[in-house]
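Residue numbering restarts at 1 for every chain, and letters A, B, ... go by the order of the sequence lines. This is a predicted model, so every value here is computed, not measured.
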2 protein chains.
Amino acid sequence: MKKSDKHQKILNAAIKVFGQKGFFNARISDIAKEADVADGTIYLYFNNKYDILLTLFEEEIGKLITEIRAAISQKSDQREMLYIFALHHLRLVIEKKELAEVLQMELRQSGESIKEYRRTKFADYVNIISEIIRTGQENNIFRRDLKPGIIKRAFFGALDEMSRLWILNPSHKYTVEESAEAISDIFLNGIVAD
Amino acid sequence: MKKSDKHQKILNAAIKVFGQKGFFNARISDIAKEADVADGTIYLYFNNKYDILLTLFEEEIGKLITEIRAAISQKSDQREMLYIFALHHLRLVIEKKELAEVLQMELRQSGESIKEYRRTKFADYVNIISEIIRTGQENNIFRRDLKPGIIKRAFFGALDEMSRLWILNPSHKYTVEESAEAISDIFLNGIVAD
DNA sequence: AGCATAAATGAATAGGTATTCATTTGATAT
DNA sequence: ATATCAAATGAATACCTATTCATTTATGCT
């Protein structure tokens, strides 16, 4: 971060404030104070309050995609890849708590513009899962009678719900590794006893 | 519904308006218009805007729990119970679209009061799943090395994410039955090929 | 140093909407 | 019919906060 990169400073403040209060309850003045900047200054870097949220999505999910793709490319077995995805996703919740809260909440918000947005950038992130599944099916590692699209949803949903638990109740009994392990185990092998 | 049960009329209107616009973007006057009632009348039945949301939760999730318990009690095999849960949950999204949207969105909203609330009423709903799992484990139908709490989260999360897809994109390729079938299949048997 | 340009400030504005309450309307009983 | 009480109304209030913009402060150049 440069000597005084206001753009990033404001964005970091916004992550914190949106994460704590939610988009609608967050005041511009809260963000300004957190960023140690005047209210008006924010409008030199962003068009309006909503623009801060969109930019935040754009940039932070972008980083996330890059990171997770890099981690996955280290593995050759699609079963391991699923575990790695789970691990990274859950780590985010621990390491960037506020960002995770923002994504959790605002991803569900109503409003046409954000719905549209989800269809592009956020979808890219989740589609990493279906790519893994498809490749696994081609390699005969995964059952071919299940649609990758449904597995993708189910798997992401499982992780996301686990995140919600942690955000709500920060004292988690299980480690990130245990949880990632348990969830990928359930998906790979099922819960029925042999 | 009685000749003029304003309480329920307002609640139904709120479900519709909150579902369409989200809690924060919904105006009291929108709800009033939808309920065919004066703005002030709403305050004879509810303390404030937020109270409408809470009441809505209380009453609608209550109904949901009753319904789903009744359906599950018809079955004796825990594997079938899981399928039935999935089926009912997904049906909700089709049959009561607006309510599903409200639950989806507002469940993730920030704010202490709603977080506290979730810990009680909403938890009861999700705990139906862990009850099924625990019983299944006692009957040696399900693996005993997996924690019911984690399975519960994963299963609910999977269903919830599927709901989100449908809410966002109402033209679903799969029927409710197919989807409930696919998701319970994944959880019961896993995705790894034999 | 002196000038020009850019960046930052924060008090004032402007618009929105939850909530109130004086008044009207409707219902019930005598 | 009229008095009494409850229910409903909706315009006015009161508050809140995103955004603007005239002014101030910092930066860089000769």
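Taking atom NZ of Lys33(B) as the reference point, atom C1' of dT9(D) lies 16 Å away to the nearest angstrom. We find that OH of Tyr43(B) is positioned 16 Å from P of dG10(D), with the value rounded to whole Å. Across the protein-nucleic acid pair, Arg27(A) atom CZ and dG16(C) atom P stand 21 Å apart, rounded to whole Å. The CZ-P distance, from Phe24(A) to dC16(D), rounds to 19 Å in whole Å. For the pair Asp39(A) CG and dA22(D) P, the computed distance is 18 Å after rounding to whole Å. Residue Asn25(A) contributes atom CG, which lies 9 Å from atom P of dT17(D) at whole-angstrom precision. Phe46(A) has its CZ atom 15 Å from the P atom of dA7(C), to the nearest Å. We find that CZ of Phe23(B) is positioned 13 Å from P of dT17(C), with the value rounded to whole Å.
In terms of heavy atoms, Ser179(A) sits closest to Trp166(A) at OG-CZ2, 3.3 Å.
Side-chain proximity of Ala38(B) to the nucleotides dA18(D), dG10(D), dT19(C) is greatest for dG10(D). For Asn48(A), whose side chain is taken as the heavy atoms from C-beta onward, the closest listed nucleotide among dT19(C), dT19(D), dT9(C) is dT19(D). For Thr41(A), whose side chain is taken as the heavy atoms from C-beta onward, the closest listed nucleotide among dA8(C), dA18(D), dA7(D) is dA8(C).
Side-chain contact annotation: Glu131(B) with Asn127(B), donor-acceptor N/O pair under 3.5 Å absent.
OP1 or OP2 of dA8(C) sits under 4.0 Å from a side-chain N or O of Tyr45(A). Contact annotation: Lys6(B) does not reach the phosphate of dA7(D) (side-chain N/O to OP1 or OP2, under 4.0 Å).
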Does the side-chain contact (heavy atoms from CB on, under 4.5 Å) test come out yes or no for Phe23(B) and Lys49(B), once each step is laid out? CA-CA 9 Å; Phe23(B) 178 73; Lys49(B) 190 183 173 186; 3.8 Å; yes
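Evaluated for a side chain to side chain contact (heavy atoms under 4.5 Å, CB included) with His172(A), the options Val93(A), Leu90(A), Ile94(A) yield exactly one hit, Ile94(A).
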